[in-house]
Amino acid sequence: MSTETFLTIDDVKVDFKPGETILETAQRHGIHIPTLCHIQGLEATGACRVCVVEVKGARNLVASCAAPAAGGMEIYTRSPRVLQARKVYIELLLSSGHHYCATCESSGDCRLQDLAYEYQVESVRFPETPTRYPVEENDLILRDFSKCVMCGRCVQACNEIQVNQAISFGYRGVDSKIVTTGDFPYSNSDCVFCGECVQVCPVGALIARPSRFSGKPWEIKKVRTTCPYCGVGCQMDLYVKDNRVVKITGAEGSGPNHGSLCVKGRFGYDFIHDPDRLKMPLVRKDGVFHETSWDEALSLVAERFQAVKDGFGPDAIGVLSSARVTNEENYVAQKFARAAIGTNNIDHCARL
Ligand code: SF4
Ligand code: SF4
Ligand code: SF4
């Protein structure tokens with residue numbers, strides 16, 4: 001075996017694939033290296049430095065997310081130098097804002113909180129950076145700049161995953177901030193409220209506003225389902241508390257959307273518990289709608305269709321299908337038009 005395709009991690013000899021980073025090689029072999037800013041599949045930014053490792057012969061610790069694996073490397077992921085450096089980086093991240101977990105929406109689902117626990121960071125030696133920007137909120141997204149650790153995940157998600165190009169890094173030094181073009185609020189910018197940035201934010205800096213204070217992670221039951229809004233079939237996780245849907249996120253690691261959603265899928269769920277939601281068919285009698293049974297409603301529709309067909313022929317009837325139903329239901333709709341009614345007048349709202 002050639003040493004060219006092997007390296008050692010914590011004294012264990014492992015293979016690596018050409019083009020792999022140290023982090024990817026370690027992950028493929030089940031070796032844990034903590035990360036915060038890294039998004040799998042996207043260009044590494046090395047912003048948080050939490051994933052540093054020691055490489056024998058290298059003067060400085062290297063960010064494993066950005067360093068290519070090379071033959072013969074001797075890598076140490078948990079040497080005293082590495083552990084000490086990670087603790088300092090976590091302290092710096094904690095001091096970079098106002099991290100008061102007690103009422104933070106992300107507590108229990110926060111990468112920084114997890115890292116502080118894992119590395120037993122019980123106190124922070126650096127002074128807290130004063131909050132320079134007020135909280136910005138609209139109906140859907142809350143931005144708390146006091147908790148932003150400038151990891152850049154939201155920028156990558158917006159620009160590289162959703163390709164919306166709505167946000168970027170702005171200002172410098174202690175004034176650094178994630179900004180929209182012109183530093184306007186989200187609601188007055190190119191933001192389309194897909195919420196991708198909210199989903200990837202590893203801390204409590206970006207919050208789904210409608211879900212705020214509606215339940216802690218350990219009170220939530222997650223239910224995997226398919227988005228009801230269009231035929232793409234995005235997979236989503238419903239966050240259910242007390243039999244109510246309180247939040248929705250895209251299902252990570254599952255096609256076709258791999259965690260992404262659009263504004264409708266992510267935020268358009270208030271209809272589920274709306275008191276005005278129709279739950280029974282309505283039939284108009286003497287100008288007034290009355291709730292009725294499905295049997296009665298369907299019999300009435302069948303009678304009327306038959307009357308139109310008998311009086312004017314099947315082409316007097318047209319069927320308009322919907323993007324809000326599944327492909328299978330659309331198939332059944334055209335079958336109904338062609339086989340049951342006897343007309344080719346079948347169309348779909350997506351052609352409008
Ligand atoms: S963002 Fe994380 S570390 Fe900061 S207050 Fe919230 S839960 Fe705590
Ligand atoms: S909600 Fe979507 S479009 Fe708006 S900033 Fe976040 S990722 Fe970009
Ligand atoms: S808002 Fe969140 S994802 Fe964006 S840079 Fe700040 S901490 Fe990172």
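Just so you know, ligand 1 is whichever comes first in the structure, and atom 1 is the first atom listed for that ligand.
- Seen from the ring of Tyr133, Lys177 counts as a face-on cation partner, given the 6.0 Å and 45° thresholds.
- Counting protein heavy atoms only, atom 1 (S) of ligand 1 is closest to Gly204 N, 3.1 Å.
- Under a cut-off of 6.0 angstrom, the local environment of CZ in Phe312 is sparse, with at most 12 non-hydrogen atoms contributed by other residues, nucleotides or ligands.
- Per-residue contacts place Gly195 under 4.0 angstrom from the following atoms of ligand 2 (heavy atoms of the residue considered): 1 (S), 2 (Fe).
- With salt bridges taken as basic N to acidic carboxylate O contacts below 4.0 Å, none links Glu291 and Lys279.
- Under 4.0 Å from ligand 3, not a single heavy atom of Arg143 appears.
- Judged by distance alone, the side chain of Ser321 and the main-chain N or O of Asn330 form no donor-acceptor pair under 3.5 Å.
- Side chains of Glu43 and Gln156: a donor-acceptor N/O pair is absent below 3.5 angstrom, by distance only.
- Each of the atoms 5 (S) of ligand 1 lies under 4.0 Å from some heavy atom of Tyr100.
- Residue contacts with ligand 2 for Thr180 are absent, since no atom lies close enough (heavy atoms, distance under 4.0 Å).
- The closest approach between a heavy atom of Val200 and any atom of ligand 3 is not below 4.0 Å.
- Without hydrogens or angle criteria, Asn257 side chain to Gln235 main chain gives a donor-acceptor distance under 3.5 Å.
- Protein heavy atom closest to atom 4 (Fe) of ligand 3, with residue, atom name and distance, is Cys154 SG, 2.3 Å.
- For Cys110, every heavy-atom contact with ligand 1 shorter than 4.0 Å involves the side chain, none the backbone.
- Under the 4.0 Å criterion applied to side-chain N and carboxylate O atoms, Asp109 and Lys216 are not assigned as salt-bridge partners.
- Listed by number with element, the atoms of ligand 3 under 4.0 Å from a non-hydrogen atom of Ile178 are 5 (S).
- For residue Cys104, an N/O/S atom approaches atom 6 (Fe) of ligand 1 to within less than 2.8 Å.
- Contact annotation: for His99 versus ligand 1, heavy atoms closer than 4.0 Å belong to both the backbone and the side chain.
- Among all non-hydrogen protein atoms, the one lying nearest atom 6 (Fe) of ligand 2 is Cys197 SG, 2.3 Å.
- Considering only non-hydrogen protein atoms, atom 2 (Fe) of ligand 3 sits nearest to Cys201 SG, 2.4 Å.
- For the residue pair Gln113/Ser107, the side-chain donor-acceptor check at 3.5 Å is satisfied.
- Heavy-atom proximity to Val192, at under 4.0 Å, picks out these atoms of ligand 2: 3 (S), 4 (Fe).
- Arg111 places no side-chain N or O within 3.5 Å of a backbone atom of Val203 that could act as its donor or acceptor partner.
- The atoms of ligand 3 that sit less than 4.0 Å from any heavy atom of Val203 are 7 (S).
- At least one heavy atom of Pro202 lies less than 4.0 angstrom from ligand 3.
- With hydrogens and angles ignored, the 3.5 Å screen pairs no side-chain donor or acceptor of Glu74 with any backbone N or O of Val55.
- Using a non-hydrogen distance threshold of 4.0 Å, Asn159 does not register as a contact of ligand 2.
- Within the 4.0 Å heavy-atom criterion, the part of Tyr186 lying near ligand 2 is the side chain and not the backbone.
- Annotation: atom 8 (Fe) of ligand 2 to nearest protein heavy atom, Cys158 SG, 2.4 Å.
- Under 4.0 Å from ligand 3, heavy atoms of Cys151 appear from its side chain as well as its backbone.
- Atom 2 (Fe) of ligand 2 has an N, O or S atom of Cys194 closer than 2.8 Å.
- Counting protein heavy atoms only, atom 7 (S) of ligand 3 is closest to Val149 N, 3.4 Å.
- When the side chains of ILVMFWY residues are joined at heavy-atom separations under 4.5 Å, either directly or via intervening members, Ile22 and Ile31 end up in a single hydrophobic cluster.
- When each atom of ligand 1 is checked for a heavy atom of Ser107 under 4.0 Å away, the hits are 7 (S).
- Between Arg132 and Asp175 there is a salt bridge, with a side-chain nitrogen of the basic residue lying less than 4.0 Å from a carboxylate oxygen of the acidic one.
- Between the side chain of Glu296 and the backbone N or O of Val283, no donor-acceptor pair lies under 3.5 Å.
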